[in-house]
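Remarks on the structure that follows.
Each residue takes its place number in the sequence, starting with 1. Fair warning: this is a prediction, and the values are worked out from it, not measured in the lab.
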Amino acid sequence: MAQVFTSTAITQLSQMFFVAVIFFHTSEYLLAVAFHGRPNVTLGSLLISKGYIFAMVFSMLEYVVEILLVPELKEHWWICYTGLVMVVIGEIIRKMAIITAGYAFTHLIRTNRDEHHELITHGVYRFVRHPGYTGFLIWSVGTQIMLCNPLSTIGFAIVVWRFFYRRIPYEEYFLRRFFGSQYDDYARRVCSGVPFVK
């Protein structure tokens with residue numbers, strides 16, 4: 001059992017999961033600094049909240065319990081690599097969204113329009129209105145599929161979807177105030193990018 005735990009855990013946790021998580025949060029922060037300048041960026045751009053920490057701790061507990069009690073569950077490498085592909089795809093979509101939006105992208109919803117704020121409808125935004133959310137949903141669920149964590153996979157999918165289900169209408173309320181009919185036309189043409197959220 002110790003040998004199974006060691007070889008599987010080293011690959012899944014160290015080489016895949018921890019690298020994916022560290023890269024995601026570090027790159028979020030660095031891109032925010034690149035577009036907004038260090039004085040205008042807080043540690044909140046790391047996107048680490050109490051709820052997020054709780055979810056990650058739960059996923060680690062699930063991983064450890066399952067690898068000790070049912071190690072064969074973690075040996076489905078095709079599932080693990082499917083999760084890895086999702087993590088990479090989600091990361092690419094999210095970073096494309098951030099880079100395409102540039103200064104217009106923020107981690108906090110803007111409630112006031114500044115003079116440089118423009119509606120981004122090109123690049124990845126031609127296909128979905130909220131590609132950053134699409135990418136994060138794929139990435140977060142992928143991290144749990146990568147660990148072969150069935151409970152956390154379902155939990156992450158539900159929690160992240162519910163978060164965006166509430167956030168998107170709130171954000172779009174302000175976008176409609178900022179851009180009026182221009183945003184309405186855009187929203188009619190392009191889906192939100194989060195399933196079952198109009």
Cluster link [X] to [Y], ILVMFWY, side chain under 4.5 Å:
{"X": "Leu151", "Y": "Val65", "answer": "no"}
{"X": "Leu61", "Y": "Val21", "answer": "yes"}
{"X": "Val85", "Y": "Phe136", "answer": "yes"}
{"X": "Phe18", "Y": "Met16", "answer": "yes"}
{"X": "Trp78", "Y": "Ile145", "answer": "yes"}

List the atom of [X], the atom of [Y], and the distance in Å for their closest heavy-atom pair.
{"X": "Ile93", "Y": "Pro131", "answer": "CG2-O, 3.3 Å"}
{"X": "Pro150", "Y": "Leu73", "answer": "CD-CD2, 4.1 Å"}
{"X": "Met146", "Y": "Ala20", "answer": "CE-CB, 4.3 Å"}
{"X": "Val141", "Y": "Phe156", "answer": "CG2-C, 4.4 Å"}
{"X": "Cys148", "Y": "Cys80", "answer": "SG-N, 4.1 Å"}
{"X": "Gly193", "Y": "Val128", "answer": "CA-CG1, 3.5 Å"}

Any side-chain to backbone donor/acceptor pair from [X] onto [Y]? Under 3.5 Å, distance only.
{"X": "Arg94", "Y": "Glu91", "value": "no"}
{"X": "Thr143", "Y": "Ser140", "value": "yes"}
{"X": "Ser192", "Y": "Val197", "value": "yes"}
{"X": "Arg129", "Y": "Lys198", "value": "yes"}
{"X": "Glu62", "Y": "Ser152", "value": "yes"}
{"X": "Tyr29", "Y": "Leu43", "value": "no"}

Check: [Y] and [X] side chains under 4.5 Å, non-hydrogen atoms:
{"X": "Phe24", "Y": "Leu47", "answer": "yes"}
{"X": "Thr11", "Y": "Trp77", "answer": "yes"}
{"X": "Phe178", "Y": "Glu118", "answer": "no"}
{"X": "Arg113", "Y": "Arg177", "answer": "no"}
{"X": "Glu171", "Y": "His130", "answer": "yes"}

Supply the atom-to-atom distance [X] [atom1] to [Y] [atom2], rounded to the nearest 0.5 angstrom.
{"X": "Leu13", "Y": "Met60", "atom1": "CG", "atom2": "CE", "answer": "5.0 Å"}
{"X": "Trp139", "Y": "Lys95", "atom1": "CH2", "atom2": "NZ", "answer": "8.5 Å"}
{"X": "Phe179", "Y": "Asp184", "atom1": "CZ", "atom2": "CG", "answer": "12.5 Å"}
{"X": "Phe17", "Y": "Leu84", "atom1": "CZ", "atom2": "CG", "answer": "12.5 Å"}
{"X": "Ile98", "Y": "Leu30", "atom1": "CD1", "atom2": "CG", "answer": "11.0 Å"}
{"X": "Leu31", "Y": "His36", "atom1": "CG", "atom2": "NE2", "answer": "9.5 Å"}

More than 12 heavy atoms from other groups under 6.0 Å of CG on Asn112: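 At most 12 heavy atoms, drawn from other residues, nucleotides or ligands, come within 6.0 Å of this atom.
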
Heavy atoms from other residues, nucleotides or ligands near CG of Leu108 exceed 12 (cutoff 6.0 Å): no

side-chain contact (heavy atoms from CB on, under 4.5 Å) partner of Gln182, chosen from Thr121, Leu119, Leu175: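 When Thr121, Leu119, Leu175 are each tested with Gln182, the side-chain contact (heavy atoms from CB on, under 4.5 Å) holds only for Leu119.
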
Contact list for residues 38-60, test ring-ring contact (aromatic ring centres under 6.0 Å, His included), sequence neighbours left out: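 Those involving residues 38-60 are His25-Tyr52.
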
Worked check of side-chain contact (heavy atoms from CB on, under 4.5 Å) between Tyr103 and Asp114: CA-CA 11 Å; Tyr103 176 79; Asp114 68 31; 2.9 Å; yes

Got a list of side-chain donor-acceptor pairs under 3.5 Å for residues 158-165, not counting sequence neighbours?
from, atom 1, to, atom 2, distance (Å)
Trp161, NE1, Pro195, O, 2.5

Of Gln12, Gln144, Lys74, the residue whose pairing with Tyr63 passes side-chain hydrogen bond (donor to acceptor under 3.5 Å, both in side chains): Gln12

